[in-house]
Amino acid sequence: MENMTKDVRVRFAPSPTGYLHVGGARTALFNWLFARKHGGKFILRIEDTDLVRSDDRMVTQILDSMKWLGLDWDEGPFYQSQRFSLYNAAIEKLLAEGKAYYCFCDAEKLKEMREAARKRGGSFQYDRRCLNLGQDEIERLLKQNVPKAVRFLVPEAKPKVHDAVHGDIAFDSKNIGDFVIKKADGSPTYQLAVVVDDHDMGITHVIRGDDHYNNIPKQTMIYEALGYTAPQFAHVPLILAESRAKLSKRNAAVAVSDYRESGFMPEAVANFLALLGWSPGDNREIMSKAELIEAFSLGSISKANAVFDVKKLEWMNGQYIRLLSPDELFERAKPLLVDAGLLSEKSADDKKEWIKNILVILQERVRKLGDYPSAAGYFFTCDFDYDERGVRKQFTNPQAANVLEMLGGRFESSADFSLESIESTIRGLADELEIKASKVIHPARLACTGRTVGPSLFHLIEILGKDRTVERLQKAAAFVKRLV
RNA sequence: GCCCUCAUCGUCUAGUCAGGUCUAGGACACCGCCCUUUCACGGCGGCGACAGGGGUUCAAAUCCCCUUGAGGGCGCCA
């Protein structure tokens with residue numbers, strides 16, 4: 001069982017070398033859910049020990065994505081780059097106790113060793129040549145300021161560890177070579193820093209991706225060597241692309257910001273991510289944050305990797321869109337409409353009620369807020385082409401021009417432009433001409449929107465208004481005449 | 001190559017830990033029907049899986065072994 005004897009403290013520790021991707025977001029979400037479930041603390045730590053690849057701008061990006069998803073943290077962000085003295089103290093301690101040693105091998109030499117090992121057909125393990133250096137030799141190299149790293153002296157051990165997802169697991173340290181804990185540039189490596197920090201920050205549960213699974217024994221040995229108690233581990237399965245390959249920029253949209261920009265709702269993305277590798281155990285799917293928190297547990301995380309299915313995310317997003325009130329819809333969709341150049345921010349606010357009507361009439365027809373600009377475009381401009389197949393089907397009828405013209409005339413002369421009168425005008429015209437209502441409706445839709453599909457024609461015309469409707473019907477009538 | 005992990009419909013999963021209630025449940029996607037002015041929504045129905053082979057057992061999707069497949073790791077990246 002999960003250790004609940006002390007207050008839960010978990011952390012999300014991204015490295016600022018890229019955007020927050022969906023896998024990282026899911027890891028963050030699981031940590032967050034676990035913290036909230038147990039009334040614990042969710043800590044944010046930036047793992048920027050790689051002086052070369054870390055980028056401050058990425059920190060902002062990652063934080064923005066987390067805020068967007070609603071993953072608020074209680075402490076941090078802490079930066080590893082500001083905590084080097086802590087790591088150095090630990091490294092000195094290990095060195096002094098003979099649990100680590102200096103290594104003067106340079107990158108080139110190591111590369112050769114690695115290649116040779118692989119050619120022989122085996123995994124590379126450092127051969128400890130620097131461990132076996134004589135004391136005089138070490139002093140000499142130190143005095144000469146030869147660049148040096150520090151390696152952890154891997155003891156012979158078979159660390160037994162419990163993982164909340166995988167259960168009891170055992171490792172054999174003979175498969176692990178002495179790894180570097182301090183680089184020649186003075187910075188600590190991940191393996192060392194993560195242990196020192198998790199201990200220092202009082203982390204009780206380390207919830208992270210399965211790609212860290214093989215780090216368990218290394219870190220366990222460091223905990224041991226430093227005299228620390230290791231936290232509980234929970235390694236969650238990875239998220240794969242449709243090809244079952246690692247999710248990457250090449251095969252899918254991976255950055256959380258991509259989904260934000262294409263008009264997904266954060267609630268839907270979080271809900272979807274929560275269900276990737278975890279399930280409440282019953283058949284619930286659409287779940288609020290509160291419900292997720294209530295139902296979440298490490299034990300019900302699945303062991304198998306999951307494929308990211310955008311189709312299901314879109315469906316789920318559609319479910320969330322349908323839950324929105326007209327006002328919420330307006331607030332959320334407005335930026336997308338403005339960005340698409342359909343109208344200015346100011347005119348959006350001026351015509352708020354009208355725009356709300358548009359958004360609501362399309363609410364069941366969009367799956368992403370980002371679908372709105374193209375779905376609603378014809379409300380904002382008369383400058384559109386007629387759907388080709390629609391033209392062939394609706395506008396090649398010799399009657400069509402006449403029908404459109406007559407309908408335009410009726411609308412123009414009608415004083416009342418209510419939904420009811422629009423419908424009765426259209427149906428009335430069909431009756432008089434002794435044709436089916438659909439023979440009027442379909443050409444009229446094409447004339448008014450350029451499309452063969454869309455919301456109820458009566459409602460759409462009501463929103464469009466009398467002037468625009470009449471204008472479009474006349475324009476279409478002229479178009480049909482030229483065609484015939 | 002070596003080490004590790006995982007394995008239920010095309011996809012996400014329930015069921016596996018405590019073997020029988022599983023002719024394996026739900027969701028997405030797909031197909032059909034209904035609703036309907038089209039599309040969508042919604043409703044109803046269909047298609048569709050325990051990777052393979054050995055054991056253990058009265059009984060295995062569930063336990064054990066092997067094979068296969070997939071993923072991860074083997075960095076002075078994290």
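Proximity of residues 184-194 of chain A to RNA chain B (heavy atom under 4.0 angstrom from any strand atom) is restricted to A:Ala184, A:Thr189, A:Tyr190, A:Gln191. Annotation: proximity of residues 209-226 of chain A to RNA chain B (heavy atom, distance under 4.0 Å) is found for A:Asp210, A:Asp211, A:His212, A:Tyr213, A:Asn214, A:Asn215, numbered in ascending order.
One can place NZ of A:Lys368 at 14 Å from C1' of B:rA40, the figure rounded to the nearest angstrom. What separates CG of A:Asp198 from C1' of B:rA78 is a distance of 13 Å, to the nearest Å. When the C1' atom of B:rC39 is taken as reference, atom CG of A:Leu362 falls 11 Å away, rounded to whole Å. Between the CG atom of A:Asn305 and the P atom of B:rG73 there is a distance of 11 Å, rounded to whole Å.
Taking every side-chain heavy atom of A:Glu364 into account, B:rC41 is the closest of B:rG71, B:rC41, B:rC12. The side chain of A:Val453 approaches B:rC39 more closely than any other nucleotide in the set B:rA40, B:rG71, B:rC39.
Between A:Phe233 and A:His235, the gap from one ring centroid to the other is short of 6.0 Å.
If you check every strand for non-hydrogen atoms under 4.0 Å, A:Pro455 touches a base. If you check every strand for non-hydrogen atoms under 4.0 Å, A:Thr452 touches a base. Here A:Leu110 lies in heavy-atom contact (under 4.0 Å) with a base. Contact annotation for A:Phe458: base contact, defined as any heavy-atom pair under 4.0 Å involving a base atom. If you check every strand for non-hydrogen atoms under 4.0 Å, A:Leu457 touches a base. Within 4.0 Å (heavy atoms only), A:Ala149 reaches at least one base atom of the nucleic acid.
Side-chain polar atoms of A:Tyr101 and A:Asp178 form a donor-acceptor pair below 3.5 angstrom. Counting only N and O atoms by type, the side chains of A:Trp278 and A:Ser300 include a donor and acceptor under 3.5 Å apart. Counting only N and O atoms by type, the side chains of A:Tyr190 and A:Asp50 include no donor and acceptor under 3.5 Å apart.
Listed by first and then second residue, the ring-ring contact (aromatic ring centres under 6.0 Å, His included) pairs involving residues 43-63 of chain A amount to none (not counting sequence neighbours). Within the structure, salt bridge (Lys or Arg N to Asp or Glu O under 4.0 Å) pairs that include any residue of residues 432-457 of chain A comprise A:Arg410-A:Glu432 (at least two apart or interchain).
Neither OP1 nor OP2 of B:rG69 sits under 4.0 Å from any side-chain N or O of A:Arg244. In terms of phosphate contacts, A:Arg114 brings a side-chain nitrogen or oxygen within less than 4.0 Å of OP1 or OP2 of B:rC76.
A donor and an acceptor atom sit less than 3.5 Å apart, one in the side chain of A:Ser456 and one in the base of B:rU37.
The aromatic rings of A:Tyr378 and A:Phe384 sit perpendicular, their planes meeting at an angle over 60°, well past the 30° parallel limit.
Geometrically, A:Arg45 does not engage A:Phe78 in a cation-pi contact defined by less than 6.0 Å to the ring centre and at most 45° from the axis.
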Under 3.5 Å between N/O atoms: give me all the protein pairs with nucleotides 18-21 of chain B, atom names plus distance.
none

List the protein contact pattern of nucleotides 23-30 of chain B with one symbol per nucleotide (5' to 3'): B for base contact, S for sugar-phosphate-only contact, - for none; contact means a heavy-atom distance under 4.0 Å. --BSBBS-
